[in-house]
Chemist: 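Have a look at the structure that comes next, please.
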Amino acid sequence: MSGLKAVLFDMDGVITDTARAHAQAWKALFDGYLAEHHPDEPEFDIDADYRAHVDGKPRYDGVRDFLASRGISLPQGSPEDEPGTQTICGLGNTKNVEFNRWISENPVEPYPGTLALLDALDAAGIASALFTSSRNADAVLAAAGLSERFDVRIDGVVMAKRGLPGKPDPAIMHQAADGLGVAPGDCAIIEDAFSGVQAGAKGGFAQVIGVAREDNAEALDEGGADIVVRDLAELRLDGGRLATRTLHGLPDALAAMDAIAARLEGKRAAIFLDYDGTLSPIVDNPDDAVLSGGMRGAIDRLSQVAAVAIVSGRDLDDVRHFVQLDHLYYAGSHGFDMAGPGGWRHIVEKGKAFLPALDAATKALGEALSGIAGARVERKKFSLAVHYRQVAAGNEAQVARIVHQVVEQNGKLRASGGKKVFDVKPRADWHKGRAVLALLDTLDLAGDDVLAFYCGDDTTDEDAFRVLARDGIGVVVRDKADRASAARYALDDVEAVERFLAELAARIGRG
Ligand SMILES: O=P(O)(O)OC[C@H]1O[C@H](O[C@H]2O[C@H](CO)[C@@H](O)[C@H](O)[C@H]2O)[C@H](O)[C@@H](O)[C@@H]1O
């Protein structure tokens, strides 16, 4: 197989975090329209309806397809129709007003993993281009500081001028490849929408990469993606093709100490450490996960030469009790609850609204799991964990079913799988990665003169690896089972973490 000559990127949800802005704008439009004209129809489902009917499509196609899914048809109208006009175009224009309001009121952030991949493509001499059905590409790229980043850009405005059909037709992707002078068979497509991966699969491209930031990996796979990742930080170039980074394939952080030290030169260090499975070995009973004296000493020495914070899924008080180093910063409940020396405390405001939902889920899960021996519900202030390490193998599927049922009925929470645990967290845009960024800000460490490290072992740590994918260093603790990871280095086990922290402290101390 020859190497890629170009990679073609979709925009919303692939380059910028604007897919949720579209989803919210569509919801505002359709909920308003349905309430007024079809009050018996259920509201627009921001996940299911968004993905099935509007994601990735040109604006007016999205209006038509969603309304058709509810058996509603409207006249097409014209693009000049005022927002609010009862036509396909009029409703599409209303959605656009909502979308533009969102981007004027919220920061538009490029994903660090995408920027890291773009850098790697530049370094390898592989061209990149952007295609999007959006007519707002100018505004979105400007807000993200990426106006000049792509030599070739085919957007919704160009599509309208050239009369190009929308996805799942691959015309827009072919035009982007043409613009670069590269044949489709030498290009990879990166897409987060079902209609987009379908288009890529039809279009004769060398590789189609699906980006499943939510629980839609299976759908993208079925749509024709060759590789599905959660974030582009999980991709690497291998022989000129895109491949997934996995725990077992990542370079060892101890062996790469010289390269790591070189990146530290002239910089201050900020070290973020997960607790279970990283600082203390995984044990059967969460109450027994004590920190060894050796590890405590290594963390303490590191904290003399760098800022150190512990970022855990555990309750804040619980993890502080295990670590027992009062001069460190801590983030508990997956980052919703933070504390530091001198009585500093910061509770993430948006977490508070979820306390009743967490209370209800704790009660429902406690009752539903009471008949399953070994199942345990651990409540943290802003999250909860359902442990099944001590559940008989034959009953594990039942625990999973109960957790998913309770979470679905609750509606305000989401569950993710970890090491023999389901972490149940608020359905809010907050996670360990956001907590790391917030702590860097708080500690005045958010500049270019700081190199941030994050060490972790489980799926919830991937959020932190992703935010540091370009400007920081993610180090993941390997597991027997391989899986994709956004980290850049790996360590074998908790002992290796201790050696790594000790070596890091020594090198920072010397340098
Ligand atoms: O973010 P972390 O600090 O890694 O916390 C993640 C969860 O860790 C704990 O559960 C895990 O470790 C236990 C003790 O080794 C083990 O018994 C369990 O199977 C693991 O999933 C903790 O109890 C949870 O609250 C954390 O969410």
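Order of appearance sets the numbers: ligands from 1, and atoms from 1 within every ligand. Only this structure's heavy atoms are used, side chains among them; waters, hydrogens and symmetry mates stay out. Not measured: the values here are computed from a predicted model. Residue numbers run from 1 in the order of the sequence given.
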Chemist: Return yes or no for this condition: an N or O of Val421 is under 3.5 Å from an N or O of ligand 1.
Modeler: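 No - when backbone and side-chain N and O of Val421 are compared with those of ligand 1, no distance drops under 3.5 Å.
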Chemist: Given 3.5 Å as the limit, does a donor-acceptor pair link the side chain of Asp458 with the main chain of Lys419, or not?
Modeler: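 At least one qualifying donor-acceptor pair exists.
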Chemist: Considering heavy atoms of the protein only, find what lies nearest to atom 19 (O) of ligand 1 and give residue, atom and distance to 0.1 Å.
Modeler: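 The closest one turns out to be Arg389 NE, 2.6 Å.
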Chemist: Show the atoms of ligand 1 that are less than 4.0 angstrom away from any heavy atom in Asp284.
Modeler: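 That gives atoms 17 (O) of ligand 1.
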Chemist: Using a strict 4.0 Å cut-off to heavy atoms of Asp423, name the atoms of ligand 1 that fall inside it.
Modeler: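 Contacts of ligand 1 toward Asp423, numbered from 1: 27 (O).
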Chemist: For Ala357 and Asn410, work out which heavy atoms get closest and say how close.
Modeler: O-ND2, 3.0 Å
Chemist: If we count only N and O atoms by modelled type, under 3.5 Å, do the side chains of His327 and Ser303 hold a donor and an acceptor together?
Modeler: yes
Chemist: Which of the numbered atoms in ligand 1 are below 4.0 angstrom from a heavy atom of Glu378?
Modeler: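 Per the distance check, 22 (C), 23 (O), 24 (C), 25 (O).
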Chemist: In the protein, what heavy atom is nearest to atom 15 (O) of ligand 1, and what distance, to one decimal place, separates them?
Modeler: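 So the nearest neighbour among protein heavy atoms is Val283 N, 2.7 Å.
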Chemist: Does the Gln324 side chain pair with the main chain of Arg320, one donor and one acceptor, at a distance under 3.5 Å?
Modeler: no
Chemist: Once you restrict to heavy atoms under 4.0 Å, what part of Asp461 touches ligand 1? Side chain, backbone, both or neither.
Modeler: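 Neither part.
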Chemist: In this structure, which one of Val311, Ile271, Leu273 forms a side chain to side chain contact (heavy atoms under 4.5 Å, CB included) with Tyr454?
Modeler: Val311
Chemist: I'd like to check whether His387 has a polar contact with ligand 1, where a contact means an N/O of the residue lying under 3.5 Å from an N/O of the ligand.
Modeler: yes
Chemist: Considering residues at least two apart in sequence or located in another chain, which fulfil the side-chain hydrogen bond (donor to acceptor under 3.5 Å, both in side chains) criterion with Asp492?
Modeler: Arg478
Chemist: Going by atom types alone, do Asp482 and Thr246 pair a side-chain donor with an acceptor below 3.5 Å?
Modeler: yes
Chemist: Have a look at ligand 1 and work out which part of Ser280, if any, has a heavy atom under 4.0 Å from it: side chain, backbone, both or neither.
Modeler: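 Near ligand 1, Ser280 shows nothing, with every heavy atom at 4.0 Å or more.
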Chemist: So among Lys380, Glu378, Arg379, which one has a side chain to side chain donor-acceptor pair (under 3.5 Å) with Thr362?
Modeler: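 Of all the options given, the one that passes is Arg379.
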Chemist: Judging by distance only, is a nitrogen or oxygen of Asp274 under 3.5 angstrom from one on ligand 1?
Modeler: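 Yes, since at least one N or O of Asp274 sits under 3.5 Å from an N or O of ligand 1.
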Chemist: Need the ligand 1 atom indices (1-based, order shown) with element for anything under 4.0 Å from a heavy-atom of Pro281.
Modeler: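 Listed by number with element: 15 (O).
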Chemist: Is the closest N or O pair between Asn285 and ligand 1 shorter than 3.5 Å?
Modeler: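 No, Asn285 has no N/O under 3.5 Å of an N/O on ligand 1.
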Chemist: What residue and heavy atom of the protein are closest to atom 3 (O) of ligand 1, and at what distance?
Modeler: Ser312 OG, 2.7 Å
Chemist: Which residue supplies the protein heavy atom nearest to atom 12 (O) of ligand 1, what is that atom called, and how far is it?
Modeler: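 Of the protein heavy atoms, Asp276 OD1, 3.4 Å lies nearest.
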Chemist: Do Arg389 and Asn285 have side-chain N/O donor and acceptor atoms under 3.5 Å apart?
Modeler: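 The answer is no; no qualifying pair exists.
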Chemist: Does ligand 1 come near enough to Ile282 that some N or O of the ligand is less than 3.5 Å from an N or O of the residue?
Modeler: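 No, there is no polar N/O contact under 3.5 Å.
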